[in-house]
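Written below as structure tokens is the structure these notes are about.
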Amino acid sequence: MSLKRGGIELSQEQADIVDSVMQPDSITVVSAGAGSGKTRTMVASVLHLVSEKNVSIDDFALITFTNKATDEMRERLESGVLERIEEAEKAGDWDQLSRWFEQKERIASTFIGTIHRFCAMLLRNFGYTELIAHESEIIMASHYFQAALKDTMNEGLEDSTTNILFDTEQVHWAPHVMAERLKSWYEYIRGRGRSITEVASETLRQNENDDNQKYRNAVATMLEKLENNYRELKREKGGVDTNDLLHKCAALVEQHKNQIGPLVASRFRYLFVDEFQDTDELQMNIIQSLAPRLKHVLVVGDRKQAIYGFRGADHSVIRKIAELNNKTPLSLSASRRPTEPLHKAQSVLFDNMGLRYEFLQEKLTQPDDAHVPKDSLVPFQYEHVKTFKDRQGPIIERMVGKIREYVGQRIHDRHKGIRQVEYRDICVLFRSNYQLQSYHSLIPSDIPVVTDTGGGFFRKPEIVACYHMLQAILKYPDDVSLDLALGTPFLPFNAPNSIYRNDGTNLVLRDWFEDEDDCKEWLKGIRNIRKRMKVDLVPQLLTNMYEFTRVREYYGKMGNLQAVANLEKLVMWSRELMNTEALTLQHFFDRLQVALLTGMEMDEADTGMEDTKPNSVRFSTVHSAKGLEYPIVILPDIGRRLLNDEQMPTFFEIPGWGLDLELPGGQGCSSSFNEWVDHYRQNMLEEEARIFYVAVTRAEHVICMIGHGYDKPNPIGDENWSWKDEVLHAGDSLKGLGKKIVKID
DNA sequence: CGGAGTAGACTTTTT
DNA sequence: GTCTACTCCG
């Protein structure tokens with residue numbers, strides 16, 4: 001029996017999944033390991049259905065988690081279809097040829113995108129009762145939020161439940177800090193798909209009878225006021241934020257099942273979701289509600305690779321959706337990615353980690369014909385740098401040494417046979433963008449490096465900040481716009497402490513700016529630009545704005561040269577626009593707004609070091625490398641502490657119990673507060689283990705890790721626990737694999 | 001022992 | 001830029 005499906009050669013377990021998707025009116029849940037061919041199986045399923053059933057490629061909705069994964073999916077689908085075309089040409093099968101040519105055209109109208117885009121599309125096309133506002137109103141929502149926040153602060157001062165929060169003798173925060181916290185708490189709760197109203201009423205019902213209950217009540221009441229004010233403003237003026245998008249979509253498919261169902265069924269017949277472990281419960285419910293209307297739903301995920309828990313993703317959704325539908329998840333466990341010896345070493349490491357984390361007990365197997373390379377590269381290496389402080393320098397030195405050592409060595413490539421290692425074979429993975437930036441700036445210039453910093457140009461914080469600053473200038477003296485600019489680095493001084501006052505003066509933000517000495521220069525800058533708006537060209541005005549706000553110095557000091565380069569690139573962009581239109585500052589602002597809200601694609605600025613060298617080492621964060629693979633992966637600084645008391649959250653939202661928090665000043669904690677902190681620590685260690693798993697499984701041929709500090713492992717769960725300890729704890733079993741496979745020093 | 005000065009660390013991302 | 005931990009010197 002041939003294991004080709006949709007013209008793609010598959011393994012038995014992959015073919016079983018395709019065959020399961022062929023069954024009508026059902027749902028298939030797949031639990032897939034790293035490198036087991038998730039995308040391949042999905043593409044094969046699409047192509048197989050198209051060739052076997054009377055289905056067209058645009059009857060599918062393919063949902064991915066990131067925009068990057070979207071591009072990858074589209075590419076793979078296109079090349080799959082192109083192969084069908086070539087095959088039909090060779091065989092001289094003209095019927096097939098014209099059929100696949102038609103499918104190729106239809107890829108353009110196939111929905112391939114993130115769950116957010118999917119929801120926005122559903123609302124726009126089918127949401128006749130909950131009619132979604134025009135796109136420009138999405139961006140307006142952030143204005144309304146600021147306005148609602150301000151109203152809430154003023155109301156909170158009058159209310160006897162909440163005014164204890166304004167007693168700065170008790171709670172040591174300036175009002176603008178309180179506003180900032182309220183905002184982040186509000187976003188935290190809503191980002192998890194929870195209802196503010198519900199959380200508030202849960203909190204008020206707590207009945208703990210401790211001294212701190214009044215503080216929790218006060219915060220809950222503030223959040224509820226904020227929710228009401230914001231909702232009212234959005235309703236009145238027609239704004240929608242990204243959370244509303246999902247909530248409205250969930251409400252739409254749930255409450256108007258009978259009207260929406262047939263509409264959705266008329267547009268889509270199949271729904272495939274990739275990276276399902278990064279989905280949250282609300283999103284799962286949307287998929288679940290749609291399932292009965294569709295021919296087949298396929299969800300694929302790997303809970304070992306769930307690394308978006310901080311954003312509210314819940315990796316148990318795979319199990320939950322399987323249970324809801326009475327299905328046993330099919331498994332996809334054979335990993336084609338690593339070479340045979342690397343896989344052996346990875347398995348020993350993961351087995352050892354499995355003693356600590358239950359989810360790592362799902363094993364990765366290998367196909368019988370796994371690649372055994374004939375070269376002398378050591379697949380699994382741990383390099384120890386004997387230093388305690390000043391770790392960055394020595395680690396960079398070691399890392400650069402390894403890169404130089406690898407380049408030019410012989411590598412036995414699975415496809416091309418023996419060849420030389422090039423820069424482009426190497427990927428260095430960092431835990432944070434901060435680390436990535438600071439290492440990048442210290443790499444010797446003879447090593448070509450490209451950085452891979454997640455989102456595109458118009459999503460970068462410095463560009464968004466620039467947008468807010470421009471708005472503050474254009475709308476001056478509008479308080480809401482000033483407020484938005486307040487949180488950006490375009491403000492070279494501290495934000496005001498006392499905007500919210502109850503002494504009858506009703507001090508507005510612009511009055512504060514007028515009064516404050518620090519702001520004189522800044523205000524002068526704004527007035528100057530407003531004066532010159534009609535005279536100077538946009539590039540000049542932008543440069544002028546960078547100067548008086550000293551924003552380039554700010555980013556320069558932080559070592560964020562990419563941000564400085566991006567700001568320059570914005571000036572270049574305005575020059576380009578000038579070629580095609582008479583560009584006023586207002587006009588430029590409008591163009592920028594459109595670019596921001598449509599997520600217009602534009603590459604980041606070159607910082608000079610990388611130029612157009614395609615053969616470069618790649619620097620990436622673990623999160624943005626997800627789904628990718630590289631022959632050689634280097635993980636620098638795996639000795640970094642994972643738990644940091646300073647970073648422990650002081651705000652929790654416990655479903656069914658309400659909120660618990662520690663205000664600056666120490667008030668607010670319930671007796672269970674420490675329990676939540678411990679729970680958080682545990683979750684954090686588990687998520688870090690999954691991130692480590694993702695990092696280690698990016699490698700096809702060689703994984704090289706660099707650690708520092710003590711070369712003996714810390715006790716399990718110790719406050720100094722790091723990724724290094726995972727390796728050292730497995731050290732003895734790893735060494736047993738022999739020097740040709742493992743090198744630990 | 002304590003104040004002044006300095007070096008190093010700073011989560012992750014979707015819309 | 002801000003915070004902490006560490007060093008140095010009196």
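Proteins come first, then strands; the chains are lettered A, B, ... in the order of their sequence lines, and each starts at number 1.
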Shortest side-chain distance from Arg431(A), nucleotide among dT12(B), dT14(B), dC10(B): dT12(B)
Side chain of Arg391(A) (C-beta onward), nearest among dT14(B), dC10(B), dT12(B): dC10(B)
Out of dT13(B), dT12(B), dA9(B), whichever nucleotide has its closest atom nearest the side chain of Ser432(A): dT12(B)
Rounded distance in Å - CG (Asp280(A)) to P (dT15(B)): 14 Å
Nucleotide nearest Asn644(A) (side chain, heavy atoms from C-beta), chosen from dC10(B), dT15(B), dT13(B): dC10(B)
Thr279(A), Leu271(A), Asp274(A), Val273(A) screened by side chain to side chain contact (heavy atoms under 4.5 Å, CB included) with Val299(A), the one that passes: Val273(A)
Whole-Å gap separating C1' (dT11(B)) and OH (Tyr439(A)): 15 Å
For atom CG of Leu429(A) and atom P of dT12(B), their distance in whole Å: 14 Å
Separation of atom CG in Leu246(A) from atom P in dT13(B), rounded to whole Å: 19 Å
Selected nucleotide, minimal atom distance to Thr114(A) side chain, candidates dT14(B), dT11(B), dT13(B): dT14(B)
Interatomic spacing from CG in Leu149(A) to NZ in Lys183(A) - rounded to 0.5 Å: 8.0 Å
Glu719(A) CD - dT4(C) C1' separation (whole Å): 15 Å
Check: dT11(B) base within 3.5 Å donor-acceptor of Tyr680(A) side chain: yes
Sugar-phosphate, base or nothing in reach of Arg117(A), heavy atoms under 4.0 Å: nothing
Nearest listed nucleotide, side chain of Arg311(A), among dT12(B), dC10(B), dT14(B): dT14(B)
Closest to side chain of His623(A), choosing from dC10(B), dT12(B), dT15(B): dT12(B)
Any N/O pairs under 3.5 Å between the protein and nucleotides 5-7 of chain B? List them or say none.
none

dT13(B) versus dC3(C) - spacing of their C1' atoms, nearest Å: 25 Å
Verdict with supporting geometry, Asp244(A) and Arg190(A), salt bridge (Lys or Arg N to Asp or Glu O under 4.0 Å): CA-CA 9 Å; Asp244(A) 294 332; Arg190(A) 288 208 64 211; 2.8 Å; yes
Touch class at under 4.0 angstrom, heavy-atom based, for Phe310(A) against every strand present: base
Aromatic centroids of Tyr693(A) and Tyr357(A) separated by under 6.0 Å: no
Within 45° cone of Phe359(A) ring axis and under 6.0 Å: Arg690(A) NZ or CZ: yes
Nearest-0.5 Å distance, CD of residue Gln305(A) to OG1 of residue Thr697(A): 5.0 Å
Gap between atoms CZ and P, on Arg641(A) and dA9(B) respectively (whole Å): 13 Å
Ring centroid separation Phe430(A) to Phe619(A) under 6.0 Å: yes
All side chain to side chain contact (heavy atoms under 4.5 Å, CB included) counterparts of Ala695(A), not counting sequence neighbours: Leu429(A), Val622(A), Leu635(A)
Atom-to-atom span, CE of Met121(A) to P of dT15(B) - whole angstrom: 14 Å
Nucleotide dT13(B), atom C1' - distance to CD of Gln277(A) in whole Å: 14 Å
